[in-house]
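First up is the structure itself, then whatever we jot down about it.
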2 protein chains.
Amino acid sequence: MRNSAGGFAGTVGRVVSIGGRTIQVLGKARRILDCFSPEQPELTFGQLRRATGLPPSTCLRLLNSLLEFGFLEREGDRWRPGIRLLTWAAAAAEGMDIGRRAGPVLRRLRDATGETAAVWVQRGGVRVSLAIEETHHPVRRLLSVGQVLPLHAGSGGKVLLAYDEALAQRVLSGPLQRYTERTLVDREAWEAELALIRRRGYAVSFEERDREAASISAPVFDAGGRIAGAVGIAGPSQRFQPDRMEAWVRSVLEAAAELSRQLGYRAAAGSEQPAPAAGGGTP
Amino acid sequence: MRNSAGGFAGTVGRVVSIGGRTIQVLGKARRILDCFSPEQPELTFGQLRRATGLPPSTCLRLLNSLLEFGFLEREGDRWRPGIRLLTWAAAAAEGMDIGRRAGPVLRRLRDATGETAAVWVQRGGVRVSLAIEETHHPVRRLLSVGQVLPLHAGSGGKVLLAYDEALAQRVLSGPLQRYTERTLVDREAWEAELALIRRRGYAVSFEERDREAASISAPVFDAGGRIAGAVGIAGPSQRFQPDRMEAWVRSVLEAAAELSRQLGYRAAAGSEQPAPAAGGGTP
DNA sequence: ACTGCTGTTCCACGATGCGGAACAGCGCCG
DNA sequence: CGGCGCTGTTCCGCATCGTGGAACAGCAGT
């Protein structure tokens, strides 16, 4: 449990393969890889052994094998993910329609607003940033590609919930970690918030997850009318002032519409904002 | 063989674990993941089976297991690397000193020159881009993080060879693929080129790998005086004109010196350019 | 209907990875 | 100095786990 959102919790442990068994050693390999995070990118054997709960010999054999095959690297007594993962990750991002298309759209959004622009997708009950274009403002780095964040805090997460009823049900019925005073944790508040997001076609977050950050996000839909991800901007909350919001919201909505269009989504005729049935139905 | 440089060829197949055996299924898993590339980010079962040479049942079991654990994703009959790899890759980049420090230095280099700035490291006989800051020029994307390129073409590769004698020996004694008319393939030309690079402290490439691209790179040294990577700029060759080169070379050398300093390297006293003994000896 | 291709399931076999136990190297503390 | 607790590492016999051949299903093109 090192990622700030608790990892890809939704898929951990459940083995649901249809026909044959799953290869268990791959699960152990993943448990090892999941110990690493941008905050803890290097770990010792002991830390890994304790974090995974594997017997020493098994853990070491696994580590050596992962090392051999480039999943891990080793420097003295510190282990870290191997550089090969960068190459595979590049293919992963490229393999998703929304990831492949994100670059130019995000750059335009970043240049129009001046803020960091990002695309988020949902996986296993959390959201992951698929692409980022950073602001030119000289501030600390807020976001990075591959970052795992919760769905229940921040505009990107809220958008992903607002347009996926089953997901919202699942996520919001569990306990919701409170990150700041503004984090939404109350069930009724959520109902209202998600309805508002669906009505407006975008979400705003003001210090829900990070006490100093704000963001605006809008949904991206695929050819089937289902939500494929969220696109938005984020930055220091003091820059998200009322006088700018209207223009920024428009820019975010344009970026979302453009991405949706590229994914083959046909917006409902006569409507400016994409607003298909919540829950993923076809409009 | 899908990556333009033929993958991490140097480490494929050799099993050199000291004590126990290595877990072979992880090698098969890697063979599968290695089939994907930014150019071919989605593959069918049949393509994977042929590319890996695995028996159908073994291949499918592996694919299902990799799917189960998030290494892969599946959409209909297309398989692709899983988004989880992005998260691991972020930790991988963060885990390397040079990767962790690269961001601000690259941004400065990019802003000083206007061209795309990148950090390269060597792994298994090829080079991999660890970090990129893209130019603001509206041109096609030349480089991306995690990209695998050959060592024997392009300024970044040449720098990595020039300051690692053993590596140069190994790489240059094999066959060298010719990418353009300017690709260096002659043994004697290489001797001269590497000597020149060491004398100057930087390397220049003009359409050696890509008929329309040029680049300038300089070595980054770690605390032990060994080469840790290369930092440089790349762009359309028509922008790399003589009148700009002097200033750009200076910017690249400054970026390299700054990164080396951050890694704990102490430049030889009285020398402007870092120039330790070639081959990785302590200065 | 036949052929060739996809992707999938089944199953008995035995190689392969398992993990307990014992070991080695080090720093700490009494 | 000797003992203790902690690292990381090696060993080895057992049975578990992954293996891959074979057979199947679904489909497209002759």
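What you are looking at is a predicted structure, and each value in this text was computed from that prediction instead of being measured. All chains are named by letter (A, B, ...) in the order of the sequence lines, taking the proteins before the strands, and each is independently numbered beginning at 1.
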Worksheet entry | Upstream residue (5' side of DNA chain D) when A:Arg49 and B:Val25 are each assigned their closest nucleotide | A:Arg49
Worksheet item: If only side-chain N and O atoms of B:Thr58 are considered, is one of them under 4.0 Å from the OP1 or OP2 phosphate oxygen of D:dG20?
Response: yes
Worksheet item: For the side chain of A:Ser57, counting heavy atoms from C-beta on, which of C:dG17, C:dT6, C:dG20 is nearest?
Response: C:dG20
Worksheet item: Would you call B:Asp97-B:Arg100 a salt bridge at under 4.0 Å N-O?
Response: yes
Item to complete: Using salt bridge (charged side-chain N to carboxylate O under 4.0 Å, His left out) as the criterion, list what pairs up with B:Arg50, not counting sequence neighbours.
Response: none
Worksheet item: Taking only residues two or more places apart in sequence or in another chain, which ones pass side-chain hydrogen bond (donor to acceptor under 3.5 Å, both in side chains) with B:Asp222?
Response: none
Practice prompt. Ignoring backbone atoms, establish whether B:Arg50 has a side-chain N or O less than 4.0 Å from OP1 or OP2 of C:dT6.
Written response: yes
Worksheet item: Has the side chain of B:Thr44 got a donor or acceptor that lies under 3.5 Å from a partner of the other kind on the base of C:dG7?
Response: no
Practice prompt. Can you tell me the distance, in whole Å, between the CG atom of B:Leu48 and the C1' atom of C:dG7?
Written response: 12 Å
Discussion item. Within the structure provided, determine whether B:Arg84 and A:Arg123 are in side-chain contact (heavy-atom separation under 4.5 Å).
Written reply: no
Worksheet item: Would you say a side-chain N or O of B:Lys28 is under 4.0 Å from OP1 or OP2 of D:dT19?
Response: yes
Worksheet entry | Interatomic distance where CG belongs to B:Leu63 and P belongs to C:dG7 [whole Å] | 10 Å
Item to complete: Would you mind classifying the nucleic acid contact of B:Leu60 as base, sugar-phosphate or nothing, using non-hydrogen atoms under 4.0 angstrom?
Response: base
Is there any protein nitrogen or oxygen under 3.5 Å from a nitrogen or oxygen in nucleotides 26-29 of chain D, and what are the pairs?
none

Item to complete: May I ask you to verify if any side-chain N or O of A:Arg61 is less than 4.0 angstrom from the OP1 or OP2 atom of C:dG19?
Response: no
Practice prompt. Specify the separation, in whole Å, of atom CG of A:Leu54 and atom P of C:dG19.
Written response: 8 Å
Discussion item. Measure CZ/B:Arg31 against P/D:dT19 and give the value in whole Å, please.
Written reply: 11 Å
Item to complete: Please report, rounded to the nearest Å, how far the P atom of C:dT8 is from the CG atom of B:Asn64.
Response: 7 Å
Practice prompt. For B:Leu26 and D:dT19, give me the distance from atom CG to atom P, rounded to whole Å.
Written response: 10 Å
Worksheet entry | Nearest-angstrom distance from the residue atom CD of A:Glu68 to P of C:dG17 | 13 Å
Fill in: Sugar-phosphate, base or nothing in reach of A:Arg78, heavy atoms under 4.0 Å
nothing
Worksheet item: Quick one: which of C:dG17, D:dG21, D:dC17 gets closest to the side chain of B:Pro55?
Response: D:dG21
Practice prompt. Could you tell me which residues satisfy side-chain hydrogen bond (donor to acceptor under 3.5 Å, both in side chains) with A:Arg261, sequence neighbours excluded, listed by chain and number?
Written response: A:Glu258
Worksheet item: Which pairs count as ring pair (Phe, Tyr, Trp, His ring centres under 6.0 Å) when at least one residue sits in residues 75-104 of chain B, sequence neighbours excluded?
Response: B:Phe71-B:Trp88
Worksheet item: Is there a side-chain contact between B:Val159 and B:Trp120, using heavy atoms and a 4.5 Å cut-off?
Response: no
Worksheet entry | Qualifying residues under side-chain contact (heavy atoms from CB on, under 4.5 Å), relative to B:Ala92, sequence neighbours excluded | A:Pro81
Item to complete: On DNA chain C, check which nucleotide each of A:Leu62 and B:Pro56 is closest to and give me the residue with the more 5' one.
Response: B:Pro56
Worksheet item: Could you give the CD1-to-C1' distance, from B:Ile23 to C:dG19, as a whole number of Å?
Response: 12 Å
